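All remarks here apply to the structure that follows.
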Amino acid sequence: MLQKNMAEAVTDDVTGEKFIPASQRPDGTWRKARRVKQGYVPQEEVPVYESKGTQWMKSKPTLPPGFYPDPEEQVKQMSEEDKYAGMSKAAKKNAKRKEKKKQQQGDGGAGPITQGLEQVNISNQSQEAKINNGQSQDSTSEPAKKLKGLKKKLRQIEDLEAKIESGELAKPDKTQLDKIKRKTEILKEIRELEKQVGS
């Protein structure tokens, strides 16, 4: 006769040996019965190893030295737990939500809906102000950016001309020649933009 001794280990009454009986794997194959020594502890029952550092951290108090929790707060927390004892998670959540609602209505102030509307109005006004400021900045900064870019192009053209005159660049390609031809247009645009930025 077999006698179940631990979670999985079984003792044979006739021989007195312990063994783990054959069992079926999820895929349908079978594990063989295995003999185990005296004092065998199944894997599930082996306590998880904790280093001394981990044990020390767990035993360390959470509060700073010399600070003791307020007994009234502890009682309050315990009473809250007692209040919701025996309730399911959803029921606790609903009860807490109802309490919050009552507290907000009891404050005498505006309810959450009107507070939300006020916040929306305030945020809309601030966004409009930001947009208006951004547009005024863009209107002044856009021509300035364009002017800066045109001046850079003009410098590049002048560098090209200097290289051609000095003989450093003997045969300029088509794009370089086109760039040089655009010099008068760029100068005209620079003058116009300088008038806009100056005014």
Side-chain angles (χ1 to χ4, degrees), residues 26-27 43 48-70 73 76-77 80 89-90 92-199:
D27 65 352
Q43 191 67 36
V48 178
Y49 172 76
E50 287 181 346
S51 67
K52 288 190 177 185
T54 314
Q55 290 172 1
W56 177 74
M57 285 300 287
K58 282 187 177 179
S59 67
K60 216 171 109 175
T62 55
L63 300 170
F67 183 79
Y68 299 101
D70 189 17
E73 282 185 29
K76 220 185 243 183
Q77 287 175 354
E80 276 184 33
K89 278 187 179 180
K92 283 180 189 177
K93 207 174 187 181
N94 288 337
K96 287 178 182 178
R97 212 180 281 152
K98 283 179 185 176
E99 266 185 42
K100 275 188 182 178
K101 229 180 202 179
K102 282 180 185 176
Q103 286 174 354
Q104 286 175 349
Q105 288 173 353
D107 290 344
I113 295 170
T114 52
Q115 286 175 352
L117 287 172
E118 288 170 7
Q119 288 174 350
V120 169
N121 289 338
I122 291 166
S123 64
N124 283 345
Q125 289 170 357
S126 63
Q127 283 176 350
E128 286 172 10
K130 284 178 187 174
I131 290 167
N132 292 340
N133 289 342
Q135 285 174 350
S136 62
Q137 287 175 353
D138 286 345
S139 61
T140 55
S141 66
E142 212 170 289
K145 282 182 185 177
K146 199 171 184 182
L147 183 66
K148 192 176 177 183
L150 288 171
K151 284 184 178 179
K152 187 178 179 182
K153 280 182 184 178
L154 185 64
R155 278 194 304 270
Q156 289 172 348
I157 290 168
E158 288 170 351
D159 289 342
L160 263 173
E161 286 175 336
K163 283 179 183 177
I164 290 168
E165 284 175 22
S166 66
E168 194 178 321
L169 193 72
K171 292 183 181 178
D173 62 351
K174 191 184 176 203
T175 54
Q176 290 172 332
L177 291 170
D178 290 341
K179 220 178 207 183
I180 293 168
K181 285 178 187 173
R182 285 200 63 219
K183 185 178 179 180
T184 52
E185 290 175 37
I186 290 170
L187 282 167
K188 201 183 227 183
E189 283 183 59
I190 287 172
R191 282 188 216 114
E192 287 174 14
L193 286 169
E194 280 176 343
K195 285 177 188 174
Q196 284 181 10
V197 173
S199 60

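As the structure is a computational prediction, the values presented were derived from the model and not from experiment.
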>> Please give me the minimum heavy-atom distance between I190 and L147, naming the atom from each residue.
In response: O-CD1, 3.6 Å
Identify every side-chain donor-acceptor pair in residues 160-169 under 3.5 Å, counting partners at least two apart or on other chains, and give the distances.
{"unit_1": "E161", "atom_1": "OE1", "unit_2": "K183", "atom_2": "NZ", "d": "3.0"}
{"unit_1": "S166", "atom_1": "OG", "unit_2": "A162", "atom_2": "O", "d": "3.2"}
{"unit_1": "S166", "atom_1": "OG", "unit_2": "K163", "atom_2": "O", "d": "3.1"}
{"unit_1": "S166", "atom_1": "OG", "unit_2": "E168", "atom_2": "N", "d": "3.4"}

> Do M57 and E50 have side chains that get closer than 4.5 Å, going by heavy atoms?
Replying inline: no
> At what distance, to the nearest 0.5 angstrom, does CD of E99 lie from CD of Q103?
Replying inline: 6.5 Å
> Where is the tightest heavy-atom contact between K179 and I157, given as atom of each residue plus distance?
Replying inline: O-CD1, 3.2 Å
>> I'd like to know if E185 and K153 make a salt bridge, using a cut-off of under 4.0 Å between side-chain N and carboxylate O.
In response: no
>> What I'd like to find out is whether the side chain of E142 reaches to under 4.5 Å of the side chain of Q196, using heavy atoms alone.
In response: no
> How many angstroms lie between atom CZ of R155 and atom NZ of K152, to the nearest 0.5 angstrom?
Replying inline: 7.5 Å
>> Between K146 and E192, is the salt bridge (charged side-chain N to carboxylate O under 4.0 Å, His left out) condition met? List the steps.
In response: CA-CA 11 Å; K146 199 171 184 182; E192 287 174 14; over 6 Å; no
>> Please report the interatomic distance CD(Q176) to NZ(K171), rounded to the nearest 0.5 Å.
In response: 13.5 Å
> Where do Q55 and K58 land on the side chain to side chain contact (heavy atoms under 4.5 Å, CB included) test, with the steps shown first?
Replying inline: CA-CA 5 Å; Q55 290 172 1; K58 282 187 177 179; 5.9 Å; no
